[in-house]
Structures are given as C-alpha cells and as structure tokens.
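Step one of this worksheet: look at the structure below.
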Amino acid sequence: MRVDLSSDEINGNLVAEIMELCGQDVLKCYQCGRCSAGCPIVEEMDLLPNQVSRLIQMGLEEEVLNSKTVWLCVSCFMCQSRCPKGVDLPALMESLRFLATKRGYDHFGPSEINRETIMKAPQQAIVGAYRNQSS
C-alpha cells in the first residue's frame with residue numbers, strides 16, 4: 001500500500017492539538033512497539049497502539065479518529081510503563097476520543113461488543129468501553 005503525504009499533512013494541526021490537549025509530544029515515539037507488545041486488548045484493536053502514534057505523526061487524522069482502537073483503550077497504563085520515551089498513550093487516546101466526538105466521527109458503543117469478546121476480555125476492558133462511551 002502506498003501513502004502519499006504532503007508536508008502540510010505531516011506538519012498539520014493534529015500533533016499540535018494533541019500536545020495542547022494532553023501535553024504529550026507524540027513525535028517522541030520512535031516506533032519500538034513495546035506499547036503494542038504489552039497491551040492486554042491489542043487482539044481486539046484495528047490499529048496497534050504504536051500505529052496510532054505513527055498516524056498522528058503523519059497527520060492522518062481521519063484514519064486515527066475513525067479507529068476503534070481509540071475507543072477500546074482501557075487506560076491501564078501498561079503501554080506508558082513500557083515506553084522508553086515516556087509517551088502517555090492513554091492520555092493520547094483520551095485526547096483522540098475528545099477530538100473524534102467533537103468532530104462528529106462515529107464510534108461503536110458497548111452494546112456492539114459481542115458476547116464472546118465480553119467473556120474473554122479483561123473486565124477492565126469492558127468497564128473502559130462503558131467509560132469511554134460517555135466521553
């Protein structure tokens with residue numbers, strides 16, 4: 001898959017908005033993948049946590065804000081504890097949920113999680129989904 005990006009997209013407002021909302025410099029992420037390797041619900045995500053960081057860095061707002069990953073993050077802080085650069089991904093995800101809601105991006109709610117997923121997912125994931133629904 002080829003992605004063509006302009007310098008305007010890469011230097012767009014998304015990184016600045018995230019920085020303003022949560023104080024996190026997503027440009028510090030160098031894609032080591034430790035966040036994704038430690039995520040307890042990564043199997044349910046459509047984007048890995050490090051892919052979310054990369055899409056933000058690339059200014060690909062629509063791809064990030066349309067992602068289910070933003071809504072699935074349970075803010076367990078496993079990713080942050082594993083990040084060698086100290087990037088607070090739960091804070092990024094919270095900011096992305098805010099932006100997605102503000103900009104009218106559709107997201108799924110807890111009622112859309114199938115029973116099989118509920119039975120095998122960590123309880124914190126289900127609680128997080130309900131909490132994030134009200135974001």
> So do the side chains of C29 and Q57 get within less than 4.5 Å of each other, counting heavy atoms only?
Replying inline: yes
>> Any non-hydrogen side-chain atom of V87 less than 4.5 Å from a side-chain atom of Q80?
In response: no
Quick check for you: to the nearest 0.5 Å, what is the distance between [X] atom [atom1] and [Y] atom [atom2]?
X: C83; Y: L89; atom1: SG; atom2: CG; value: 7.0 Å
X: D46; Y: W71; atom1: CG; atom2: CH2; value: 13.0 Å
X: I56; Y: M58; atom1: CD1; atom2: CE; value: 12.0 Å
X: L21; Y: K102; atom1: CG; atom2: NZ; value: 7.0 Å
X: E44; Y: C39; atom1: CD; atom2: SG; value: 10.0 Å
X: R54; Y: Q31; atom1: CZ; atom2: CD; value: 4.0 Å

>> Membership question, hydrophobic clusters at under 4.5 Å side-chain separation (ILVMFWY): are L55 and Y30 in the same one?
In response: no
Checking [X] side chain against [Y] main chain: does a donor-acceptor pair fall under 3.5 Å?
X: Q24; Y: L92; answer: no
X: Q51; Y: L48; answer: yes
X: S36; Y: N50; answer: yes
X: R82; Y: R34; answer: yes

>> Set out, in order, the CA-CA distance, both residues' side-chain angles and the distance that settles side chain to side chain contact (heavy atoms under 4.5 Å, CB included) for C73 and R97, then state yes or no.
In response: CA-CA 10 Å; C73 173; R97 286 189 289 270; 4.0 Å; yes
>> Does M78 have more than 12 heavy atoms from other residues, nucleotides or ligands lying within 6.0 Å of its CE?
In response: no
> Can you list the steps and then say if V64 with T69 is a side chain to side chain contact (heavy atoms under 4.5 Å, CB included)?
Replying inline: CA-CA 8 Å; V64 174; T69 296; over 6 Å; no
> Can L65 and V70 be said to form a side chain to side chain contact (heavy atoms under 4.5 Å, CB included), step by step?
Replying inline: CA-CA 7 Å; L65 297 182; V70 171; 5.6 Å; no
> Hey, mind stepping through L14 and L60 against side chain to side chain contact (heavy atoms under 4.5 Å, CB included) and telling me if it holds?
Replying inline: CA-CA 8 Å; L14 189 56; L60 297 174; over 6 Å; no
> Looking only at heavy atoms, what is the nearest atom pair of E62 and Y105, with distance?
Replying inline: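 Minimum heavy-atom separation between E62 and Y105: CA-OH, 3.7 Å.
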> Pick one: which of S95, S75, C76 meets side chain to side chain contact (heavy atoms under 4.5 Å, CB included) with P90?
Replying inline: S75
>> E17: which residues meet the side chain to side chain donor-acceptor pair (under 3.5 Å) condition with it, sequence neighbours left out?
In response: R103
